[in-house]
Amino acid sequence: MKLRMNYAKVYPEAYQTMIAQEDFAKRGGIDPILYELIKIRVSQINGCAFCIRMHTKDLRALGEEEKRIYLLNAWKETEFYSDKEKAALELAETVTKISDKGVPDSVYQRVREYFDEKEFVALVVLINTINSWNRIAISTGMYAT
């Protein structure tokens, strides 16, 4: 694979806008481990190898157990994730695939059992941010090395 373009060089303002969105998402109060789990799971759905590699490395640096990284794409089938994490991962999948069925009330209610309104918004901003990063990386030909 070959990089199509260095979008940050071509359009620095676009890159800075994404950095500002990322900085905002980081200030949302989401636990750093969960933050990276969401980024990896969304990147798995979108097929963004560049982001999967980056955030897997970031999660390892936070001391995350390998089994939780390896089994993230099958989180529903394990007991390695808390109910709170599972609710957030379900929201991440639902928002990423929002054209399938929107965000059902049942998903919203499950997430709200663990996250208040502000945290819910923070999760949605985080999910949208990583979706945007994925789409930029894939569109411009960024790939894992």
Side-chain angles (χ1 to χ4, degrees), residues 1 3-4 7-8 11-145:
M1 294 185 70
L3 180 66
R4 292 177 178 159
Y7 74 94
Y11 201 169
E13 295 88 349
Y15 177 72
Q16 289 306 315
T17 298
M18 286 303 303
I19 293 298
Q21 186 173 342
E22 182 70 34
D23 290 343
F24 181 83
K26 284 181 180 176
R27 292 191 310 270
I30 305 303
D31 172 76
I33 297 285
L34 180 56
Y35 191 90
E36 295 301 329
L37 287 170
I38 289 170
K39 285 185 157 202
I40 294 167
R41 183 64 194 122
V42 169
S43 298
Q44 289 172 334
I45 293 166
N46 290 327
C48 185
F50 181 87
C51 293
I52 293 168
R53 182 184 182 283
M54 176 192 304
H55 296 294
T56 299
K57 184 177 176 183
D58 292 345
L59 193 52
R60 282 189 180 106
L62 291 172
E64 184 55 84
E65 294 180 72
E66 293 293 315
K67 66 183 177 184
R68 284 174 36 98
I69 297 170
Y70 298 149
L71 294 171
L72 186 55
N73 63 333
W75 62 267
K76 294 175 191 173
E77 305 299 324
T78 79
E79 297 299 321
F80 298 146
Y81 307 94
S82 70
D83 289 342
K84 181 177 182 176
E85 289 170 329
K86 287 181 175 186
L89 290 167
E90 182 178 19
L91 181 66
E93 290 183 358
T94 303
V95 171
T96 298
K97 299 187 263 184
I98 202 161
S99 65
D100 288 354
K101 59 184 174 191
V103 178
D105 287 340
S106 59
V107 173
Y108 174 78
Q109 292 302 327
R110 205 165 9 268
V111 173
R112 288 301 313 285
E113 289 178 30
Y114 303 99
F115 299 91
D116 65 24
E117 287 180 334
K118 187 174 179 179
E119 291 168 327
F120 180 86
V121 172
L123 284 169
V124 172
V125 169
L126 164 59
I127 294 161
N128 281 294
T129 300
I130 189 57
N131 269 290
S132 293
W133 282 121
N134 290 166
R135 283 153 175 74
I136 290 169
I138 292 167
S139 298
T140 60
M142 297 171 70
Y143 59 94
T145 57

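This is a predicted model, so every value here is computed, not measured. Along the sequence shown, residues are numbered consecutively beginning with 1. Just so it is clear, the values below take in all heavy atoms, side chains as well, and ignore hydrogens, waters and symmetry mates.
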side-chain contact (heavy atoms from CB on, under 4.5 Å) between Asp116 and Glu119, worked out: CA-CA 5 Å; Asp116 65 24; Glu119 291 168 327; 3.2 Å; yes
For Asn46 versus Ile138, what's the shortest heavy-atom pair and its separation? O-CD1, 3.3 Å
With sequence neighbours left out, what residues match Glu93 under side-chain hydrogen bond (donor to acceptor under 3.5 Å, both in side chains)? Arg41, Trp75
When you measure from the side chain of Arg135 to the backbone N and O of Asn131, does any donor-acceptor pair fall under 3.5 Å? yes
Summary of ring pair (Phe, Tyr, Trp, His ring centres under 6.0 Å) pairs that have at least one residue in residues 104-134, sequence neighbours excluded: Tyr108-Phe120
Under the rule for salt bridge (charged side-chain N to carboxylate O under 4.0 Å, His left out), what residues qualify as partners of Arg60, not counting sequence neighbours? Glu66
Any ring pair (Phe, Tyr, Trp, His ring centres under 6.0 Å) involving residues 32-58? Give me the pairs, sequence neighbours left out, ordered by first then second residue. none
List in chain and number order the residues that pass side chain to side chain contact (heavy atoms under 4.5 Å, CB included) with Ser82, two or more places apart in sequence or in another chain; answer none if no residue qualifies. Lys84, Glu85
Can you name the residues that form a side chain to side chain contact (heavy atoms under 4.5 Å, CB included) with Leu59, not counting sequence neighbours? Ile33, Glu36, Leu37, Ile40, Leu62, Glu64, Ile69
Got Leu89 and Leu72 here, is their nearest side-chain heavy-atom distance under 4.5 Å? yes
For the atom pair CD1 (Ile38) and CD1 (Ile130), what is the distance rounded to the nearest 0.5 Å? 10.5 Å
More than 12 non-hydrogen atoms from neighbouring residues, nucleotides or ligands closer than 6.0 Å to CD on Glu117, yes or no? no
Give every residue pair that meets the salt bridge (Lys or Arg N to Asp or Glu O under 4.0 Å) criterion with at least one member in residues 15-24, sequence neighbours excluded. Glu22-Lys39
Review item, side-chain donor-acceptor pairs of residues 97-106, under 3.5 Å, at least two apart:
none

Show your reasoning for whether side-chain contact (heavy atoms from CB on, under 4.5 Å) applies to Ile52 and Gln44. CA-CA 7 Å; Ile52 293 168; Gln44 289 172 334; 4.0 Å; yes
List for me each residue that meets side chain to side chain contact (heavy atoms under 4.5 Å, CB included) alongside Arg4, sequence neighbours excluded, and say none if there are none. none
Could I get the full list of ring pair (Phe, Tyr, Trp, His ring centres under 6.0 Å) partners for Tyr70, not counting sequence neighbours? none
Partners of Thr94 by side-chain hydrogen bond (donor to acceptor under 3.5 Å, both in side chains), sequence neighbours excluded? none
What pairs with Thr78 under side chain to side chain contact (heavy atoms under 4.5 Å, CB included), at least two apart in sequence or on another chain? Leu71, Phe80, Tyr81
Here the pair of heavy atoms bringing Ala25 nearest to Leu126 is CB-CA, 4.1 Å
Show the numbers, then the answer: is there a side-chain contact (heavy atoms from CB on, under 4.5 Å) between Phe24 and Gln21? CA-CA 5 Å; Phe24 181 83; Gln21 186 173 342; 5.6 Å; no
Can you name the closest pair of heavy atoms from Cys51 and Ser43 and give their distance? CB-OG, 3.3 Å
